[in-house]
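Since the structure comes first, as structure tokens, the remarks are kept for the end.
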Amino acid sequence: MDGEELTEQETALYDRQIRVWGVDAQRRLSKSRILVSGMKGSVVEFCKNIVLAGIGSLTLMDNRLVTEDALSANFLIPPDDNMYSGHSLAELCRDSLRDFNPMVHVSVEKGDLLSFDEDFYDKFDAVVVSCSSFTTKKTINEKCRRRPKRIAFYTVDCRDACGEIFVDLQKYDHKQKKPDDTIECQLQYPSLEEAVTAPWRSLPKKVTKLYYAMRVIERFEESEGRNPGEVSVSDLPSVLKMRNELCKAQLLNESHIPDGLLERLLLAGTSEYPPVCAIIGGILGQEVIKAISGKGDPLKNFFFFDAIDGKGIIEDISTPATGC
């Protein structure tokens, strides 16, 4: 990837970006290959951003057909239902994304994400997973970590007015700008499993309540065999029971996971709030561009957003936390 130069057409098209982050960063982006699984609203926003930024290729995976929920937050689906009849979400999004930037190769990979051998992931520089269970996310993360080259791994989840991003760059070297100098910095990222199994009692007291709430919902879906988002407010008593059990086992006060927050997440189900999707998708796009281009300080390792207070929060959930 480092050995190929930009073409004249690429240089002309991305001239403004080159002026911002330099030709080397744009060259890395233009030769990068990204895999995305799960075409929800936040992921659609992410795909639009990185296609416009000029990545080399984007591979989409989502065999689902169009539903009412998908229409509410996916602006890549054509408005005419005759155009999407019988086509998967990935196929419809592919056709729309090609119009955003014809220089980016956008394709569809069919099948189950878990069915591919580990060497399948060698083709990619970054993998983004959404609409998947914790087990699926954990398995794909581990497959990426076992490959000989570093593959950046991300998960993203948006439930109504709340969003979460997880980042795993494994061992990541970058240059960090200080007021009078630039220093070489290395960040050591935990895997998804290592991060979410860190004892709650070992985490800083000010860790956002949304982190704990997302883990409770995630655990509930796994235990009940539900797909992500297949919950409703009728599940609240069972979710509260699970919260109480987890808090007791983790020596955490139940007030860290308010009833009202869990109820909001359950009410959301599979629905998404488009303005929140735009924010989450924008942050995710920014982080992937940082990791590939080598420009900017990447976040480590969770990002949370809640439209109720409008705050974006970065949490380093590591044991121990390492980095510059």
Below 4.0 angstrom, N of the basic side chain to O of the carboxylate: do [X] and [Y] qualify?
X: R264; Y: D306; value: yes
X: R226; Y: D235; value: yes
X: R243; Y: D259; value: yes
X: E315; Y: R215; value: no
X: R219; Y: E222; value: no

Please state whether the rings of F304 and F302 are parallel, tilted or perpendicular, taking 30° and 60° as the class boundaries. parallel
Check whether more than 12 heavy atoms from other residues, nucleotides or ligands sit under 6.0 Å from atom [atom1] of [X], and answer yes or no.
X: R145; atom1: CZ; value: yes
X: K171; atom1: NZ; value: no
X: R146; atom1: CZ; value: yes

D168 CG to R150 CZ distance, which is reported to the nearest 0.5 Å: 9.5 Å
I need the minimum non-hydrogen distance between R33 and S57, along with the two atoms involved.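 Shortest heavy-atom contact: CG-OG, 3.2 Å.
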Close side-chain approach of C158 and K40, heavy atoms under 4.5 Å: no
